[in-house]
*Asks:* 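Can you read through this structure? Questions will come right after.
Everything quoted here is computed from the prediction, not taken from an experiment.
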Amino acid sequence: MSNKNSKRVQYINSNLLGRKREPIEIVQEEPIELIMKELETETTIDRNEVIDMCQDLLEGELSSFHRDSMMQYLNYASTAQFPPQMTALDASQPWMVYWIANSLATVKPSSIDDELKRKIVNKLFTISPEKGPFGGGSGQLPHIAGTYAAINALSLCDNIDGCWDEINKPAIYDWLLSLKQPDNSFITCNPVGETDTRGTYCALSVASMLGIMTDELTAGVAEYLESCQTYEGGYGGTPVGDEAHGGYTFCAVASLFILGRSDLIDIEGLMEWCSARQYNEEMGLSGRNNKLVDGCYSFWVGATAAMIEALTGVECLDKSALQRYILNCCQSDERPGFRDKPGKSPDFYHTNYVLLGLAYAESSFSFKDSRTDNPFAITSTQRKNVENSANLIPISPIYGLPIDSLNKFHDHFVTHKK
């Protein structure tokens, strides 16, 4: 093989195929079952390591929720100056605000006092002096993800100093319309950006919470989302043959619930796919076939299962097992906050979504008065006889926000349409 071809193969293996080691060829005259047992990949090796770490933690008693250390972690995050290395997240400032504030609201809503509410509002309105739409930081182009996170964070501020009335709804609406594409998806940012179910969900979430959903904005969107469901039962990011993924699936399913078009979902296939995401050994959830468990999918997949439950009355995940994975494997005595899995460090992203996943695992879901076409009519109640319950605030699986805060925010804009 020439040096040029050798470098090309090396590049493909390391950069395109994601291989960190060359495959090992095993040649032996044995039944195929025995041969398969001796085949190893990076994924199987990593999975076995995770199983070993998890089972050591799962064999003991069910851990309790480390409420005090969690509150110390979140209170510090809401007041401290972040270290210089956090500048890598400069384009994620609204996300940081949302993750921290929403975690506080999920554990103890009263911890978001007036001083913190004003800090949140000042931060977000500094990012966007026009008060919407919002970029990832000051001077950055408006982005649908940043706008989604900013609106979520503002919903937790209880209209302090009339901040909700300052949100520039007309500008946000016109901007959302400008993001809509010919195939009825939404691009994340103009003039360049991505188009997949994430952008669509963010656009619909913002529009529905602000009461600016129109036929012009939503025309054809449900059909676009319907085409993203794959043969696996979950959803890919686009209709062009993507693999089903936990994040894309949540975004597509939540979007269809926001649109009141859950009738377009292959519920049976979706339930089977969600159920397959939970592993017997670790008890946690993965985002795709043959991938490792990750605490954040406790929400992305768990919330999808919660929407199915509210619609059908059927649970497709083992909630008690998920609770055990979260409490025994996603928290530790050494460091506060929630982590992805044993061996990882806690961070604000995982803390928020694992908390939301824990709220799902300890709750039951239904629609008030059977209003399955109304995303704000979903209810959450504490499951009976939950051992070591964290007693978290009821969460909307569609919006990833405390139900009371969400409904108060939405009702404000429905009542004060202008």
*Asks:* Could I get the full list of side-chain contact (heavy atoms from CB on, under 4.5 Å) partners for E130, not counting sequence neighbours?
*Replies:*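 Scan of E130 (side-chain contact (heavy atoms from CB on, under 4.5 Å), adjacent residues dropped) gives S128.
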
*Asks:* Does this structure show an ion pair linking R383 with E362, if we count only N-O contacts that are shorter than 4.0 Å?
*Replies:*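 Salt bridge flag = no for E362 with R383.
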
*Asks:* Using the ring centroid of each side chain, check whether F348 and Y73 are separated by less than 6.0 Å.
*Replies:*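 Aromatic pair counts; centres sit under 6.0 Å.
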
*Asks:* Identify whether the distance between the nearest side-chain nitrogen and carboxylate oxygen of E281 and R47 falls below 4.0 Å.
*Replies:*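 Looking at R47 together with E281, the answer is yes, because their closest N to O distance falls below 4.0 Å.
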
*Asks:* Could you go through the salt bridge (charged side-chain N to carboxylate O under 4.0 Å, His left out) check for R198 and D196 one step at a time?
*Replies:* CA-CA 5 Å; R198 295 172 300 178; D196 56 47; 2.7 Å; yes

*Asks:* With salt bridge (charged side-chain N to carboxylate O under 4.0 Å, His left out) as the test, would you mind laying out the steps for E309 and K319 before giving the verdict?
*Replies:* CA-CA 12 Å; E309 179 187 341; K319 294 180 181 179; 2.7 Å; yes

*Asks:* Under the ring pair (Phe, Tyr, Trp, His ring centres under 6.0 Å) rule, what pairs show up with a residue in residues 136-155, not counting sequence neighbours?
*Replies:*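 Qualifying pairs: W95-Y148, Y148-Y201.
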
*Asks:* Looking at residues at least two apart in the chain, or sitting in another chain, which of them share a side-chain contact (heavy atoms from CB on, under 4.5 Å) with A203?
*Replies:*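 With sequence neighbours excluded, A203 shows a side-chain contact (heavy atoms from CB on, under 4.5 Å) to I144, L176, F186, given in chain and number order.
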
*Asks:* Aromatic contact between F338 and H350, with the criterion being ring centroids under 6.0 Å apart: yes or no?
*Replies:*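 So the answer is no for these two rings.
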
*Asks:* Please confirm whether Y297 and Y353 have ring centers closer than 6.0 angstrom.
*Replies:*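 No, ring centres 6.0 Å or more apart.
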
*Asks:* Answer whether the closest heavy-atom distance between the side chains of Y279 and I51 falls below 4.5 Å.
*Replies:*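 They are not in side-chain contact.
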
*Asks:* Identify which one of I398, V301, T197, T304 satisfies the side-chain contact (heavy atoms from CB on, under 4.5 Å) criterion when paired with F250.
*Replies:*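 Output: one option passes, namely T304.
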
*Asks:* Could you give me the CA-CA distance, side-chain angles and deciding distance for D411 and T415, then say whether side chain to side chain donor-acceptor pair (under 3.5 Å) is met?
*Replies:* CA-CA 6 Å; D411 290 346; T415 303; over 6 Å; no

*Asks:* For D347, is there an ion pair with R339 - N to carboxylate O distance below 4.0 angstrom?
*Replies:*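 No, no charged N to carboxylate O under 4.0 Å.
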
